[in-house]
2 protein chains.
Amino acid sequence: MSVSQPVRSPRRRAPRNTLNPDRILDAAIALLDRDGAEAFTMRALAEQLGVGTMAVYSHFRGKDEISDAVAQRLLDTIELPHTETDDPLGELREVCLGVYRLFTEHPSALQLLASRPLRGDDAMAVIDRMLALLRRAGLSGGDAVRGHVMLMRYTVGSALWSTQRDRALCEEGVREQALARLSALPADRYPSLISLAPELICAQDDEGGRYEWGLDRILRGLLSDG
Amino acid sequence: MSVSQPVRSPRRRAPRNTLNPDRILDAAIALLDRDGAEAFTMRALAEQLGVGTMAVYSHFRGKDEISDAVAQRLLDTIELPHTETDDPLGELREVCLGVYRLFTEHPSALQLLASRPLRGDDAMAVIDRMLALLRRAGLSGGDAVRGHVMLMRYTVGSALWSTQRDRALCEEGVREQALARLSALPADRYPSLISLAPELICAQDDEGGRYEWGLDRILRGLLSDG
DNA sequence: ACCTGAACACCGTTCAAGT
DNA sequence: ACCTGAACACCGTTCAAGT
């Protein structure tokens, strides 16, 4: 075994202004995306930043404040369609897909939002845009508000569902297990489940299009009003 | 100060068969509903059962296994409409409302599901029933499968949204803060948000009906197909 | 002002021991 | 077989101290 080599980087005292809120948030998001929500630890975050654990506390009150800031920052990165067309429905679709994409690309951010109350001013720009588009599509003020909540609910639920599904599927042999369990079911108790087994199985492979399929039906249901 | 009174119940050794999986799950659910997911601790669970921390490990492999069992058990308690009517849409509505009710009545169960992959055989009875009703409503096999996923996504998302909203609202002065923030917004950047402020505010009070409003529109969108 | 290590009160779980 | 306490490797955070 080597002797002169220091084994665990004996980090020197970091220079005075290595840290700032932005650098910390960048590292937090990277950590969350790479290792998942349960690995998002003050100690891990500090190590990723090459700094003592307590250094972070000079810039944020604690872990909760960092989590809030991460959520805020991610929600602000949702890209909105730039041009105003005369197709509010198409634009609405785009906005919803943007939100959905954000959550599926940052699954741990979603988990983060799911485990703490939403602050009121999250994603103001997105909400404003959705409301405007719903009104332009002909909805009353009240229906626009209800519709936007509905779309957000469906989108959050879909992202949650997809990411959980993805996590489950990447475990060893879950696929085969699910199939086996399905075909072992008593046919008299679960007739529809059995007869739709083929569709249920192949449904697992089409997560991407699934969100859009439902989205289109929701938009249709929203606008087929008087 | 009293002297002869033992201050912290100096629990005697528990008799041999005080514990069993069912009693443990009951206590776990009670604990989750009463104190929330973050208070759901092996030590707290054991204390609620009047037993040493490690006693629970004789019946479950660990906390994860208990969490899975809790989720399973709750999902099995969803009540399905008993009689088969000739109104598949009405029944479908009932089933969805049952799922929604379960999640809003056991918010921590939802958090639990959100933070771990779904096991495949959760809620088989519910899924089978939904599929059957969708087919009876005239949908093809593939559309029934897609429709059931869509309904579950919307329902899970709604429950998550509502419970988070509720948690936020019961915090001190969040209401006033939200209103203040809303009216302090630059009107040129968020025109729709500003002009719909009244609707947005009063929307906060109508969480219950909100789910059903969207549900009806989803069902309409699902069935207005060829 | 900003960064540090030691210490505190937690957590899930392992382990050897009691009955 | 079932229940136990001590111990281990974690966690977020407080605190007094360095620079």
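Keep in mind that what you see is a predicted model, and the values were worked out from it rather than measured. Below, read A as the first sequence line, B as the second, and so on, with proteins coming before strands; counting in each chain starts at 1.
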Has [X] got a side-chain atom pairing as donor or acceptor with [Y]'s backbone, closer than 3.5 angstrom?
| X | Y | result |
| --- | --- | --- |
| B/Arg129 | B/Leu80 | no |
| B/Ser108 | B/Leu32 | yes |
| B/Gln164 | A/Leu113 | yes |

Could you give me the stems involving DNA chain D, meaning stretches of three or more consecutive Watson-Crick or G-U wobble pairs whose two defining distances are both below 3.5 Å? C:4-8 with D:12-16, C:12-16 with D:4-8
Using a distance-only test with no angle check, is there a side-chain donor-acceptor pair under 3.5 angstrom linking B/Arg43 and B/Gln48? no
Please list, one pair per line, the donor and acceptor atoms closer than 3.5 Å that link side chains of residues 183-199 of chain A to other protein atoms, with sequence neighbours excluded.
residue	atom	partner	partner atom	Å
A/Ser183	OG	A/Leu179	O	3.1
A/Ser183	OG	A/Ala180	O	3.1
A/Ser195	OG	A/Ser192	O	3.4

Does A/Lys63 qualify as a cation-pi partner of A/Phe40, given the criterion of NZ or CZ under 6.0 Å from the six-membered ring centre and within 45 degrees of its axis? yes
Determine, stepwise, if the pair B/Ser162 / B/Arg210 fulfils side chain to side chain donor-acceptor pair (under 3.5 Å). CA-CA 9 Å; B/Ser162 297; B/Arg210 191 58 54 88; over 6 Å; no
For the aromatic rings, using the six-membered ring if either is Trp, is the centroid distance between B/Tyr154 and A/Tyr154 under 6.0 Å? no
When all nucleic acid strands are considered with a 4.0 Å heavy-atom cut-off, which category describes [X]: base, sugar-phosphate, or nothing?
| X | result |
| --- | --- |
| A/Met42 | sugar-phosphate |
| B/Ala55 | base |
| B/Thr41 | sugar-phosphate |

Below 4.0 Å from chain B heavy atoms, what is the first contacting nucleotide of DNA chain D and what is the last? D/dA1 to D/dA7
Return the 5'-most residue of the pair B/Asn20, B/Arg43 with respect to DNA chain D, ranking by each residue's nearest nucleotide. B/Asn20
Most 5' of B/Val51 and A/Ala44 on DNA chain D, judged by nearest nucleotide: B/Val51
On DNA chain C, does the nearest nucleotide to B/Tyr57 precede the nearest nucleotide to B/Arg16 from the 5' side, or the other way round? Give the residue. B/Tyr57
Name the residue closer to the 5' end of DNA chain C, choosing between B/Lys63 and A/Asn17 according to the nucleotide with the nearest heavy atom. A/Asn17
